[in-house]
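All remarks here apply to the structure that follows.
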There are 2 protein chains.
Amino acid sequence: MKKILLKDIAQHAGVSTALVSYVLNGLAEEKQVNKVTAARIRKSAKQLNYRPNQIAQSLKTSKTNTIGLVVADIKYRYSTAITSVIESEAKKNNYTVIYGSSNEDLGKFEDLINIFVNRRVDGLILIPVENSQRQIKLLQKNDIPFVLIDRIFPEIATNFIALDNYKAAYDATEHLIQCGHQRIAIVNYRSSLYNLQERNRGYVNALRDNRIKLNRAYMLEIDRLNAMEEVNSSIDKILAMAEPCDAIFFTTATLALHGLSYLNEKGLKVPDDISVFSFDESEAFKLFYCPVTHSVQPYGEMGTMAVQSLVGVIESQKNVKQQITFDARMINGKSCHEK
Amino acid sequence: MKKILLKDIAQHAGVSTALVSYVLNGLAEEKQVNKVTAARIRKSAKQLNYRPNQIAQSLKTSKTNTIGLVVADIKYRYSTAITSVIESEAKKNNYTVIYGSSNEDLGKFEDLINIFVNRRVDGLILIPVENSQRQIKLLQKNDIPFVLIDRIFPEIATNFIALDNYKAAYDATEHLIQCGHQRIAIVNYRSSLYNLQERNRGYVNALRDNRIKLNRAYMLEIDRLNAMEEVNSSIDKILAMAEPCDAIFFTTATLALHGLSYLNEKGLKVPDDISVFSFDESEAFKLFYCPVTHSVQPYGEMGTMAVQSLVGVIESQKNVKQQITFDARMINGKSCHEK
DNA sequence: CTGAAAGCGCTAACAC
DNA sequence: GTGTTAGCGCTTTCAG
């Protein structure tokens with residue numbers, strides 16, 4: 001089946017390509033096209049089932065109506081949730097999303113950005129990986145519109161959509177304290193990522209403000225590449241201490257998942273033997289015998305705002321800095337024992 | 001920062017744009033470009049940090065190196081798993097994925113395909129929605145390369161990557177029978193989708209082959225839009241019968257998730273009170289007190305094959321039909337009671 | 001070995 | 001109101 005071009009329909013309607021272009025792009029009024037002619041053009045287009053070649057349009061207008069999205073790992077619940085919102089919000093704004101996952105690898109992160117830039121995406125939504133500051137600065141230097149989401153670099157002035165990780169962690173810790181716990185462990189990834197560091201800071205400060213002495217041995221650091229094993233051994237460690245922990249604050253849902261699964265395995269009961277708080281939720285909590293107390297992020301709003309913020313930058317070409325921070329919500333389950 | 005064009009680097013290297021194009025596209029040998037000139041060109045390109053405009057390339061070559069992927073719903077584990085594999089396999093083959101989710105809506109499914117076609121994707125990988133046959137036939141008529149994955153239409157001859165749903169369901173049912181069950185319920189979506197119908201057929205035939213009388217009341221149909229409630233009430237129903245069921249075969253992981261959660265709520269013990277088999281797995285099973293016996297699909301291979309098959313069609317332009325069917329694997333947990 | 005130039009399909013300035 | 005035409009940035013034929 002032969003591809004129908006603009007000039008085919010111009011011919012069919014007996015007019016020039018300019019008129020066809022005007023009419024099909026909704027400029028009929030503005031360009032004062034004769035109503036009868038316009039109708040004829042629209043009819044021809046429909047009849048011939050015309051499909052504009054968006055590649056040609058993009059080349060001409062230097063606008064692709066495409067957003068590049070790079071997530072850290074599509075396996076994370078956060079990525080899935082955010083991707084889904086971003087895609088639908090983008091569609092509403094007449095943008096298409098092209099998509100890639102860095103899998104926490106800096107090289108792959110850079111590759112994806114390059115690919116997207118070569119494809120002349122109009123802008124990028126990024127969940128950056130650790131140590132990608134250089135790449136982010138490069139984007140700024142090249143005037144490529146982008147917005148960071150979830151993970152941010154406080155030392156770089158960028159547009160971002162973030163969570164107040166400090167506050168969420170502070171509140172989580174304080175909640176455990178209010179449940180009567182003093183020996184609270186925190187299980188976090190070993191990472192320089194600001195959002196994870198902030199969770200540590202929230203924990204530390206909540207203890208301090210409640211006059212509980214910080215015990216560094218209660219702060220466990222997990223290697224991403226070996227998370228399950230390290231979570232398990234960490235739990236063993238904090239339970240075997242002279243003053244064993246009676247509560248654990250997991251700073252991500254994945255860590256909580258590993259942890260709860262291991263507690264199951266060891267036959268420890270939540271919350272009677274040990275209290276648990278999870279930063280972020282997991283679908284898996286649904287099958288745990290006890291509702292897990294956890295914080296939730298406003299995925300929907302974050303994703304929506306990311307798109308709107310980016311589209312704003314793209315379409316205004318203004319270089320306003322939009323830095324939006326959301327608060328987490330706490331969902332009270334039954335996994336924190338009232339002493 | 002001014003965009004560097006081909007002619008900028010031609011100028012910088014003191015040659016024509018043709019030579020630059022040859023060299024940067026790896027045709028230096030073939031076009032017998034002087035090695036010294038070639039080196040000079042490469043150096044200029046690097047020095048000026050040249051980024052080819054892929055839009056212009058695509059317009060000229062009518063090749064976008066883009067694959068459009070439409071999943072049914074990114075919230076399904078299947079979608080996530082497959083998306084991740086497809087993206088990375090596509091990248092290996094030098095394709096980028098543009099992505100959309102139909103959310104089981106026919107209108108949105110058609111929209112996405114149109115958008116992707118207008119963008120001149122080289123091909124499509126589709127998890128089609130119910131009743132999308134017309135749209136699929138349209139693609140064939142327009143000679144647009146595509147491959148269906150997961151869900152197929154047996155009445156349309158297309159390339160596809162599928163699972164032998166019949167066999168997997170047959171095996172699942174037979175497993176429950178071998179555990180000593182006779183009153184086995186099947187909980188499935190109410191849907192005309194072939195893959196789900198096949199699961200029913202596998203169930204029915206396994207019963208028949210094992211001389212167990214089919215009881216239609218044991219076959220529950222769930223409305224997708226109200227799944228949780230309907231699963232709950234279905235479970236109530238089959239337990240309240242004169243001859244209550246002692247085993248349930250859930251035909252998707254989501255259904256199993258709802259079911260297990262409700263069994264928890266009711267205080268029923270798996271497998272002592274009731275056996276459970278899940279078609280497909282869920283991360284959530286990790287937190288259930290008892291390892292859930294389930295089938296798993298070879299996501300990785302299916303996704304990889306989908307890309308390879310599609311790329312094969314795109315690049316050969318041959319119209320070979322590749323129909324690939326995989327078998328599910330069964331993971332033995334402890335959720336099926338040996339009577 | 002190298003360069004000039006004709007498009008790919010569309011938009012939009014400009015002329016009539 | 002409408003038509004002509006010059007590009008957008010690249011590939012590739014053809015001539016030298």
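Here the structure is a predicted model, which is why all the values come from computation and not from measurement.
Protein atom NZ of A:Lys3 is 16 Å distant from nucleotide atom P of C:dC8, rounded to whole Å. When the P atom of D:dG3 is taken as reference, atom CG of A:Leu19 falls 5 Å away, rounded to whole Å. Rounded to a whole Å, the CZ atom of B:Arg119 is 18 Å from the P atom of C:dG9. Distance NZ (A:Lys63) to P (C:dA12): 13 Å, rounded to an integer number of Å. Between A:Lys60 atom NZ and C:dC10 atom P the separation is 13 Å, expressed in whole Å. In this structure, A:Arg120 places its CZ atom 18 Å from C1' of C:dC10, rounding to the nearest Å. The distance from atom CD of A:Gln11 to atom P of D:dT4 is 12 Å, rounded to the nearest whole Å. Spacing between atom CG of A:Leu24 and atom P of C:dT11 amounts to 8 Å, rounded to whole angstrom units.
Side chains of B:Glu89 and B:Asn93: a donor on one and an acceptor on the other come within 3.5 Å. Between the side chains of B:Thr66 and B:Arg119, not a single donor N or O lies within less than 3.5 Å of an accepting N or O.
At least one side-chain nitrogen or oxygen of B:Asn25 sits closer than 4.0 Å to the OP1 or OP2 atom of D:dT11. Remark: B:Gln57 is not in phosphate contact with D:dG9, judged by side-chain N or O atoms under 4.0 Å from OP1 or OP2. Side-chain N/O atoms of A:Tyr50 include none lying less than 4.0 angstrom from OP1 or OP2 on C:dG9. A close approach under 4.0 Å does occur between a side-chain nitrogen or oxygen of A:Ser21 and OP1 or OP2 of C:dT11. For B:Thr37 and C:dT2, the shortest distance from a side-chain N or O to OP1 or OP2 is below 4.0 Å. Phosphate proximity of D:dC10 to B:Gln54: absent, as no side-chain N or O sits under 4.0 Å from OP1 or OP2.
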Heteroatom pairs (N/O) under 3.5 angstrom, protein to nucleotides 13-16 of chain D:
from   : atom 1 : to      : atom 2 : distance (Å)
D:dT13 : O4     : B:Tyr22 : OH     : 3.1

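Closest approach to the A:Thr17 side chain among C:dG9, C:dT11, D:dG9 is made by C:dT11 (side chain taken as heavy atoms from C-beta onward). Here C:dG3 is the nucleotide among C:dG3, D:dT2, C:dA5 with the atom lying nearest to any side-chain atom of B:Ser16.
Looking at every heavy atom in both residues, A:Leu24 comes nearest to A:Ala45 through CD2-CB, 4.0 Å. When all heavy atoms of B:Leu163 and B:Thr325 are compared, the pair lying nearest together is C-CG2, 3.8 Å. In terms of heavy-atom proximity, B:Ile82 sits nearest to B:Gly303 at CD1-N, 3.9 Å. Nearest heavy-atom pair across B:Met302 and B:Ile149 is O-CD1, 3.7 Å.
Within 4.0 Å (heavy atoms only), B:Leu59 reaches at least one base atom of the nucleic acid. Counting non-hydrogen atoms under 4.0 angstrom, A:Leu6 reaches a base of the nucleic acid.
Panel note: side chain A:Lys108, backbone A:Ser101; a donor-acceptor pair is recorded below 3.5 Å. Proximity of a side-chain donor or acceptor of B:Thr64 to a complementary backbone N or O of B:Ser58 within less than 3.5 Å is not detected.
Taking the C1' atoms of five terminal pairs at each end of the helix from C:dC1-D:dG16 to C:dC16-D:dG1, the two resulting helix axes are inclined by 50°, rounded to 10°.
Using a 4.0 Å cut-off between charged side-chain N and carboxylate O, A:Lys35 and A:Glu29 make a salt bridge. In this structure, B:Lys75 does not pair ionically with B:Glu104, as no charged nitrogen and carboxylate oxygen lie closer than 4.0 Å.
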